Student: 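My questions all concern the structure below.
Every value quoted in this text rests on a predicted model; they were computed, and no experiment measured them.
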Amino acid sequence: MSGARVHDSVPHTARPPRPRRGALLAGSVGNFVEWYEFGVYGYFATVIAARFFTPVGGSETEGLVRTYASFALAFFFRPVGAALFGRLGDRIGRRPVLILVIALMTGATTLIGVLPTYATVGALAPWLLTFLRVVQGLSAGGEFGGAVSVMTEFAPPGRRGLYGSWQSFTVALGLLGGAGVAALLATVLTEGQLSDWGWRVPFLLTLPLGLVALGLRLRLEETPAFRHEGGRERPPGREVARAVVLGAGRVMGWSAAGYTFLVVLPSYLQNTLHTGFRQALLVTVLANLGFAATIVPAGLLSDRIGRRPVLLTGAGLVVVLSVPLLNLLQDTGTSNAVKGLAVCGAGAVVGLMAGPGPAMLSEMFPTSVRHTGLDESFRTRSVVVGGQ
């Protein structure tokens, strides 16, 4: 279990194309909603800091720190959600858990869009926001394992890398969707309108997106692997724990690089390099376009040459290129076009790791503990490095 490929015993001929497509769509759309929300919170961090965490006369820097503390708190509740929903997914099925987590995520994110601010209810405002962030963290803890289990357990022979890569691809689409909505609002609204009410719009848009995702998941079939093997005896807990630690360690670089280049970069550009909000969002869009462009090809390539070579190539490039990228962004003599190409390339490198990553993790666990193992691997290293 610690590294060998795990093959479902259900014949692949029992998996017709239509359920496969439905599984990809149902798994992907919920993942899109999760990462859309994740991106929106990061992109509007400065606005949220002013509206929820900065009393009259308070320090803007202190408010931003508190905003990111609330941001980070959700990550620490993800392992709790992973343990809870992962075990449910391995006992009662992937489908009911995926339905529950998308309902929780949609409700919590939508409610953020209608929360009263500090100016209205005082110190209660940050507590309400933090509570909803906790709910988001719990629900997100069960999303990854369920989505990847569904995608890879429906995958035809030799295509787990391709099918699993759609989980990462919808991460890119969700972040791009959040960045696109934020950039559009920043373009059509004044700074005052954006700060006053415009920031609420992206959160409220989660409601229709979440309802579509919920409808797709209600029509989702249970995976053939779970129907055939679900409820079987679990392997020894020590083996599962060892595989979880190994899985978390294998994708540390993917997580750290993705979080740094795809989410934190806008705030870094605004607060450290004093780049405008619109320019920072444009850079983020370019990074995510590069990210999206390489994910599915990387997953497909991993089906042909193996997961490890593709992942190691991406990790090596991140180590080699990260410092030169930061130096280039800080160089006032470098043109914006060159900087844009650089961040696009950085996103593409992250995609090399994110493409084969889900399938690699899925293959480390048998069906009876796959949901649990995936969630706990993914969220354990999210707590350590704080991101994707």
Side-chain angles (χ1 to χ4, degrees), residues 1-8 12 15 17 20-21 23-25 27-28 31 35 144-175 223 225 243-244 246-259 261-262 288-321 345-367 370-371 373-375 377-378 381-382 387-388:
M1 183 176 67
S2 62
R5 292 176 63 92
V6 178
H7 297 281
D8 299 330
H12 287 283
R15 305 177 184 183
R20 290 174 185 164
R21 290 194 295 267
L24 275 180
L25 188 58
S28 298
N31 198 59
W35 288 96
F144 176 80
V148 173
S149 294
V150 164
M151 292 174 185
T152 57
E153 288 175 3
F154 269 106
R159 285 293 182 267
R160 275 191 178 146
L162 175 62
Y163 271 55
S165 69
W166 279 85
Q167 187 278 334
S168 296
F169 184 60
T170 49
V171 170
L173 292 183
L175 293 173
T223 71
V244 166
L246 180 60
R250 284 181 173 180
V251 288
M252 285 287 185
W254 161 25
S255 180
Y259 179 67
F261 293 134
L262 305 176
N288 277 282
L289 284 173
F291 179 52
T294 57
I295 290 172
V296 174
L300 182 59
L301 182 63
S302 77
D303 284 327
R304 296 179 178 178
I305 67 172
R307 319 291 181 219
R308 185 172 295 179
V310 182
L311 281 160
L312 289 179
T313 299
L317 289 173
V318 165
V319 172
V320 171
L321 299 177
V349 169
V350 178
L352 291 178
M353 295 184 284
M360 178 200 67
L361 288 175
S362 178
E363 291 164 349
M364 293 176 64
F365 302 96
T367 303
R370 182 169 292 138
H371 198 311
L374 283 166
D375 277 337
S377 295
F378 197 74
R381 66 103 168 97
S382 289
Q388 274 205 56

Student: Measuring from L361:CG to R370:CZ, what's the distance to the nearest 0.5 Å?
Tutor: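 The CG atom of L361 sits 11.0 Å away from the CZ atom of R370.
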Student: On a heavy-atom basis, which atom in P358 and which in G355 lie closest, and how many Å separate them?
Tutor: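 Shortest heavy-atom contact: CD-O, 3.6 Å.
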Student: Got F365 and V244 here, is their nearest side-chain heavy-atom distance under 4.5 Å?
Tutor: yes
Student: Using a 3.5 Å distance criterion without hydrogens, assess whether the side chain of S168 forms a donor-acceptor pair with backbone atoms of A354.
Tutor: yes
Student: Could you report the tightest heavy-atom contact between S377 and A248, atom names first, then the distance?
Tutor: O-CB, 3.5 Å
Student: Answer whether the closest heavy-atom distance between the side chains of L374 and F144 falls below 4.5 Å.
Tutor: yes
Student: Considering residues at least two apart in sequence or located in another chain, which fulfil the side-chain contact (heavy atoms from CB on, under 4.5 Å) criterion with S165?
Tutor: L162, I295, V296
Student: Would you say that V171 contacts F291 through its side chain, given a criterion of any heavy-atom pair below 4.5 Å between the two side chains?
Tutor: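 Side-chain contact under 4.5 Å: yes.
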Student: May I ask you to test the Y163-P156 pair for a side-chain heavy-atom distance under 4.5 Å?
Tutor: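 Y163 vs P156: side chains touch.
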Student: Do M151 and S28 have side chains that approach each other closer than 4.5 Å (heavy atoms only, starting at C-beta)?
Tutor: yes
Student: With rounding to the nearest 0.5 Å, note down the distance linking CD in E363 to OG1 in T152.
Tutor: 8.0 Å
Student: State which residues pass side-chain contact (heavy atoms from CB on, under 4.5 Å) with L317; sequence neighbours excluded, sorted by chain then number.
Tutor: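 Per chain and number, L317 pairs via side-chain contact (heavy atoms from CB on, under 4.5 Å) with T313, L321, V349, L352.
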Student: Determine the minimum heavy-atom distance between T223 and E153, stating which atoms define it.
Tutor: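 Closest pair (atom of T223, atom of E153, distance): OG1-OE1, 2.6 Å.
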Student: Taking side-chain contact (heavy atoms from CB on, under 4.5 Å) as the definition, give me every residue that meets it alongside I305, ordered by chain and number, with sequence neighbours left out.
Tutor: L301, P309, V310
Student: What heavy-atom pair brings D303 and G161 nearest, and what distance separates the two atoms?
Tutor: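 Smallest heavy-atom distance, with atoms named: OD1-N, 2.8 Å.
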Student: How long is the straight-line distance from CZ of F154 back to CG of L24, given to the nearest 0.5 Å?
Tutor: 10.0 Å
Student: Mind checking the CE-CG spacing from M360 to L311? Nearest 0.5 Å is all I need.
Tutor: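 Rounded to the nearest 0.5 Å, the CE-CG separation comes out at 5.5 Å.
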Student: Using only atom types and a distance under 3.5 Å, with no angle test, would you say the side chain of S302 pairs donor to acceptor with the backbone of G299?
Tutor: yes
Student: Any side-chain heavy atom of R307 within less than 4.5 Å of one from R160?
Tutor: yes
